**Student:** 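Questions regarding the structure given below will be posed in turn.
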Amino acid sequence: QAQLVESGGGLVQAGGSLRLSCAASGRTFSRYAMGWFRQAPGKEREFVAAISSASYATFYADSVKGRFTISRDNAKLTTFLQMNSLKPEDSAVYYCAAPPTSTRTAREMKLLSSTSGYWGQGTQVTVSS
């Protein structure tokens, strides 16, 4: 059974850093684009970052460009999100996601519906001011 499990969330002061991890299992996720989304209370889930299967291409939401970095280790089936210079508005539940098929590109990840593909259970990130 395909499964994505996030870890690494927590409470951090503004300006601090956190590194999220997403461990994948149950499918050959090394062939899939992977992405991170987030959802703050009272807001819709939003795209954060995506990476192609071989790490050739990465994409970011404008709000996190220059502060967040997505990467992956296909040997360990793990995707990472390094978050630096965190702001209170970055506080949210962060979700790891994979598209329904390996043919979907990283560029298309921002359009992934919450009812499609594979999703983790989420990890809470809270940034205090």
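Heavy atoms only: backbone and side chains are in, while hydrogens, waters and symmetry mates are out. Values in this document were obtained by computation on a predicted structure and should not be read as measured data.
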**Student:** How far does CZ of F29 sit from CD of Q3, to the nearest 0.5 angstrom?
**Tutor:** 9.5 Å
**Student:** What is the distance from atom CD1 of I70 to atom CE of M83, rounded to the nearest 0.5 Å?
**Tutor:** 12.0 Å
**Student:** Please examine the side chains of T69 and Y60, heavy atoms only from C-beta on, and report whether any two atoms are closer than 4.5 Å.
**Tutor:** yes
**Student:** Find out whether T105 and S52 are in side-chain contact, i.e. whether some heavy atom of one side chain is under 4.5 Å from a heavy atom of the other.
**Tutor:**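 T105 vs S52: side chains apart.
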**Student:** Share the residues that join L112 in a hydrophobic cluster, the rule being Ile, Leu, Val, Met, Phe, Trp or Tyr side chains under 4.5 Å apart at the heavy-atom level.
**Tutor:**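 F37, F47, F59, V93, Y95, M109, W119, which link up through side-chain heavy atoms under 4.5 Å apart, make up the rest of the cluster.
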**Student:** Indicate the atoms forming the closest heavy-atom contact of L77 with R27, along with that distance.
**Tutor:**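 The answer is CD1-O, 4.5 Å.
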**Student:** Taking side chain to side chain contact (heavy atoms under 4.5 Å, CB included) as the definition, give me every residue that meets it alongside V12, ordered by chain and number, with sequence neighbours left out.
**Tutor:** L18, L86, V127
**Student:** Check S91 against A40 and note the closest heavy-atom contact, atom names and distance.
**Tutor:** O-CB, 3.7 Å
**Student:** For the residue pair S129 and P88, what are the closest heavy atoms and their distance?
**Tutor:**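 That would be CB-CG, 3.8 Å.
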**Student:** To the nearest 0.5 Å, how far apart are CZ in R104 and CG in L111?
**Tutor:**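 Between atom CZ of R104 and atom CG of L111 there are 7.5 Å.
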**Student:** With a 4.5 Å cut-off on side-chain heavy atoms, are F68 and W36 touching?
**Tutor:**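 No - every pair of side-chain heavy atoms lies 4.5 Å or more apart.
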**Student:** Would a 4.5 Å heavy-atom cut-off, applied to side chains only, mark Y32 and S102 as touching?
**Tutor:** yes
**Student:** Of all residues at least two apart in sequence or in a different chain, which pass the salt bridge (charged side-chain N to carboxylate O under 4.0 Å, His left out) check with K43?
**Tutor:** none
**Student:** Check whether any side-chain heavy atom of E6 lies under 4.5 Å from a side-chain heavy atom of Y94, and answer yes or no.
**Tutor:** no
**Student:** Working to the nearest 0.5 angstrom, can you tell me the gap between Y118 OH and Q1 CD?
**Tutor:** 10.0 Å
**Student:** Quick one: does R38's side chain get under 4.5 Å of L81's, heavy atoms only?
**Tutor:**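 When only atoms from C-beta onward are counted, L81 and R38 do not touch, as no gap falls below 4.5 Å.
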**Student:** Identify, with sequence neighbours excluded, every residue that meets salt bridge (charged side-chain N to carboxylate O under 4.0 Å, His left out) alongside R45.
**Tutor:**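 R45 satisfies salt bridge (charged side-chain N to carboxylate O under 4.0 Å, His left out) with no residue once adjacent residues are dropped.
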**Student:** Shortest non-hydrogen contact from S53 to S30?
**Tutor:**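 That closest heavy-atom pairing would be CB-O, 3.5 Å.
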**Student:** Only pairs at least two apart or in different chains count here, so list each salt bridge (charged side-chain N to carboxylate O under 4.0 Å, His left out) that has a residue in residues 66-89.
**Tutor:**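 Found R67-D90.
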**Student:** For a quick test of reading the model, state the closest non-hydrogen atom pair linking A98 to L4 and the distance between them.
**Tutor:**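 Taking A98 first and L4 second, the nearest heavy atoms are N-CD1, 3.8 Å.
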**Student:** Could you measure the distance from the OG atom of S71 to the CZ atom of R19? Nearest 0.5 Å is fine.
**Tutor:** 6.0 Å
**Student:** According to disulfide bond (SG atoms under 2.5 Å apart), does anything in residues 7-123 pair up with another residue at least two apart or in another chain? List the pairs.
**Tutor:** C22-C96
